[in-house]
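Structure record follows, encoded as structure tokens.
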Number of protein chains: 2
Amino acid sequence: MSGLRSGQVAAAAGVNPQTLRYYERRGLLAEPDRSLGGHRLYPAETVTVLRVIKAAQRLGFTLDEVAELLDAGRHRHGRHPDAGLRARAQAKLTEVEVKIADLQVIAGTLRAAVKAGCDDLVECADQPYCPIPFATIAPPGACSTGSPA
Amino acid sequence: MSGLRSGQVAAAAGVNPQTLRYYERRGLLAEPDRSLGGHRLYPAETVTVLRVIKAAQRLGFTLDEVAELLDAGRHRHGRHPDAGLRARAQAKLTEVEVKIADLQVIAGTLRAAVKAGCDDLVECADQPYCPIPFATIAPPGACSTGSPA
DNA sequence: GGTAAGCCTGTACCTGAGTACCGGATGCAA
DNA sequence: TTGCATCCGGTACTCAGGTACAGGCTTACC
């Protein structure tokens, strides 16, 4: 027995072996047991944890957020309402929806630019027919929510 | 006369003065004339160029891409079809559309997770009812285009 | 001509998520 | 027991798009 070596875990989860140490530093993976010589020996469930991390990242969570999510799961869930995955997923969903709306505005602008046949940005900027909103263009995420939280 | 000083240009365009030097290094802004003492003196149109840069960034172009776009505009347009703003805007539009589709998949997954009431990622990963696709989750942008270019 | 604000160059730092390299130690199989 | 793959730690680097700081010079106004 003993456990899986870092290379095995990395291969099984499809990540770079260095990433395991990185996640350990970041608090996403618990420090595993060691062999007598100091090599890491992981329990099999580490592979699951890694898959979970990758899935959460895919859903838009940062590593810090993933670390909190994992922690929230470990410390008995349901303590206070913000801590759970459900609430955070809801918040992240809102974020993603805002981002989608933002990109849709951008797509609309690009479509208009293509249609209008703009072919030189600097020249265009002075023309009245150019659909690109040079002056009023907002930084990403600046709109749609009334107050900055 | 002489031109605008860097602080004036930066203020007029709403950017950090350091950013002007940064853009100059990156090839987005031409090297301006200097005063006898070595201070930069910008023509008024630089403010327009900065606004254009910011607008293009907002539309999803990287600074390298913006530099190319500006260059393409300067070197007489219409040479070959890829070079123009129109073609690039079309390509960028496709990129943005892919990103939107990707985020919509993510939003759908988050909605499903909220609805299913998942509350602990690691536990969830072993449950059959959990809607989060841990195993099959793809890296961003991996789908929808058949071959990796 | 004095003084303060502004500008100069060069270098270092920031975020986020890793990846790469180094010299040395360990694990495992033949 | 030898040899080689793997792993160790620590450090440095990557990408993108800036931002900050230090130490010194210039400009502008009174």
Side-chain angles (χ1 to χ4, degrees), chain A residues 1-29 31-42 46 49-50 52-70 92 95 99 137 139-141, chain B residues 1-29 31-42 46 50 52-70 92 95 99 137 139-142:
Chain A
M1 298 222 30
S2 52
L4 300 164
R5 305 186 55 179
S6 58
Q8 296 177 297
V9 173
V15 304
N16 190 309
Q18 313 264 43
T19 303
L20 296 186
R21 297 203 296 124
Y22 177 65
Y23 284 177
E24 195 178 314
R25 275 211 307 284
R26 293 285 305 254
L28 290 142
L29 289 180
E31 293 188 22
D33 290 339
R34 300 289 185 129
S35 71
L36 292 177
H39 286 198
R40 289 173 181 79
L41 294 172
Y42 292 94
T46 301
V49 175
L50 282 169
V52 164
I53 292 169
K54 286 298 167 192
Q57 272 189 295
R58 250 316 268 154
L59 294 176
F61 292 95
T62 66
L63 285 188
D64 278 349
E65 288 171 331
V66 177
E68 280 179 44
L69 284 176
L70 293 174
K92 188 57 69 177
E95 267 181 50
K99 206 173 285 178
I137 223 155
Chain B
M1 309 219 13
S2 50
L4 300 165
R5 306 186 53 180
S6 58
Q8 296 177 296
V9 173
V15 303
N16 190 309
Q18 312 264 43
T19 303
L20 296 186
R21 296 205 297 123
Y22 177 65
Y23 284 177
E24 195 177 316
R25 276 210 307 284
R26 293 285 303 256
L28 289 142
L29 289 180
E31 292 186 23
D33 290 340
R34 302 287 186 129
S35 72
L36 292 177
H39 286 198
R40 287 174 182 78
L41 294 172
Y42 292 94
T46 302
L50 282 169
V52 164
I53 292 169
K54 286 296 167 194
Q57 273 191 294
R58 252 315 268 153
L59 294 176
F61 293 94
T62 66
L63 286 187
D64 277 349
E65 289 171 331
V66 177
E68 281 178 43
L69 285 176
L70 292 173
K92 188 56 70 178
E95 268 180 49
K99 206 173 283 179
I137 223 154

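In what follows, chains carry the letters A, B, and so on, assigned in the order in which the sequence lines appear, proteins first and then strands, with residues in each chain numbered from 1.
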Report the distance from atom [atom1] of [X] to atom [atom2] of [N], rounded to the nearest whole Å.
{"X": "B:Arg25", "N": "C:dT9", "atom1": "CZ", "atom2": "P", "result": "10 Å"}
{"X": "B:Phe61", "N": "D:dA16", "atom1": "CZ", "atom2": "C1'", "result": "17 Å"}
{"X": "A:Gln8", "N": "D:dC7", "atom1": "CD", "atom2": "C1'", "result": "12 Å"}
{"X": "A:Arg5", "N": "D:dC8", "atom1": "CZ", "atom2": "P", "result": "8 Å"}
{"X": "A:Arg21", "N": "D:dG10", "atom1": "CZ", "atom2": "P", "result": "8 Å"}
{"X": "B:Tyr23", "N": "D:dA16", "atom1": "OH", "atom2": "P", "result": "14 Å"}
{"X": "A:Ile53", "N": "C:dG16", "atom1": "CD1", "atom2": "C1'", "result": "15 Å"}
{"X": "B:Glu65", "N": "D:dC15", "atom1": "CD", "atom2": "P", "result": "16 Å"}

Let me confirm one number: the [atom1]-[atom2] distance from [X] to [Y], rounded to the nearest 0.5 Å.
{"X": "B:Arg26", "Y": "B:Thr19", "atom1": "CZ", "atom2": "OG1", "answer": "12.0 Å"}
{"X": "B:Ile53", "Y": "B:Leu63", "atom1": "CD1", "atom2": "CG", "answer": "7.5 Å"}
{"X": "B:Leu20", "Y": "B:Leu28", "atom1": "CG", "atom2": "CG", "answer": "11.0 Å"}
{"X": "A:Arg5", "Y": "A:Arg40", "atom1": "CZ", "atom2": "CZ", "answer": "12.0 Å"}
{"X": "A:Gln18", "Y": "A:Tyr23", "atom1": "CD", "atom2": "OH", "answer": "13.0 Å"}

Original post:
Minimum heavy-atom separation for B:Ala67 to B:Gly27, with atom names?
Top reply: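 Heavy atoms of B:Ala67 and B:Gly27 come nearest at CB-O, 4.4 Å.
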**OP:** Taking all heavy atoms of A:Glu24 and all of A:Pro32, pick out the closest pair and write down the distance.
**Re:**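 The answer is OE1-CD, 3.6 Å.
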I want to check one thing: is the phosphate of [N], taken as OP1 and OP2, less than 4.0 Å away from some side-chain N or O of [X]?
{"X": "A:Gln18", "N": "D:dC7", "value": "no"}
{"X": "B:Lys54", "N": "D:dG17", "value": "no"}
{"X": "A:Asn16", "N": "C:dA20", "value": "yes"}
{"X": "A:Ser6", "N": "D:dC7", "value": "yes"}
{"X": "B:Tyr22", "N": "D:dA16", "value": "no"}
{"X": "B:Thr19", "N": "D:dG17", "value": "no"}

Original post:
Between the axis at one end of the helix from C:dG1-D:dC30 to C:dA30-D:dT1 and the axis at the other (five pairs apiece), what's the angle to 10 degrees?
Top reply: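 The end axes of the helix from C:dG1-D:dC30 to C:dA30-D:dT1 are about 10° apart, to the nearest 10°.
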Original post:
Looking at DNA chain D, which of residues 33-42 of chain A put a heavy atom within less than 4.0 Å of it?
Top reply: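 Nucleic-acid contacts, sorted: A:Arg34, A:Gly38, A:His39, A:Arg40.
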Original post:
For A:Asn16, does the CG atom sit with more than 12 other heavy atoms under 6.0 Å from it, leaving out its own atoms?
Top reply: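 Count over threshold, so yes.
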**OP:** Assess whether salt bridge (charged side-chain N to carboxylate O under 4.0 Å, His left out) is satisfied between B:Glu95 and B:Lys92, documenting all intermediate values.
**Re:** CA-CA 5 Å; B:Glu95 268 180 49; B:Lys92 188 56 70 178; 3.0 Å; yes
**OP:** Choose from D:dA28, C:dA17, D:dG10 the nucleotide whose nearest atom is closest to any side-chain atom of A:Arg26.
**Re:**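 The answer is C:dA17, which lies nearest to the side chain.
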**OP:** Please assess A:Leu50 against A:Leu29 for the test side chain to side chain contact (heavy atoms under 4.5 Å, CB included), listing each intermediate value before the final yes or no.
**Re:** CA-CA 8 Å; A:Leu50 282 169; A:Leu29 289 180; 4.2 Å; yes
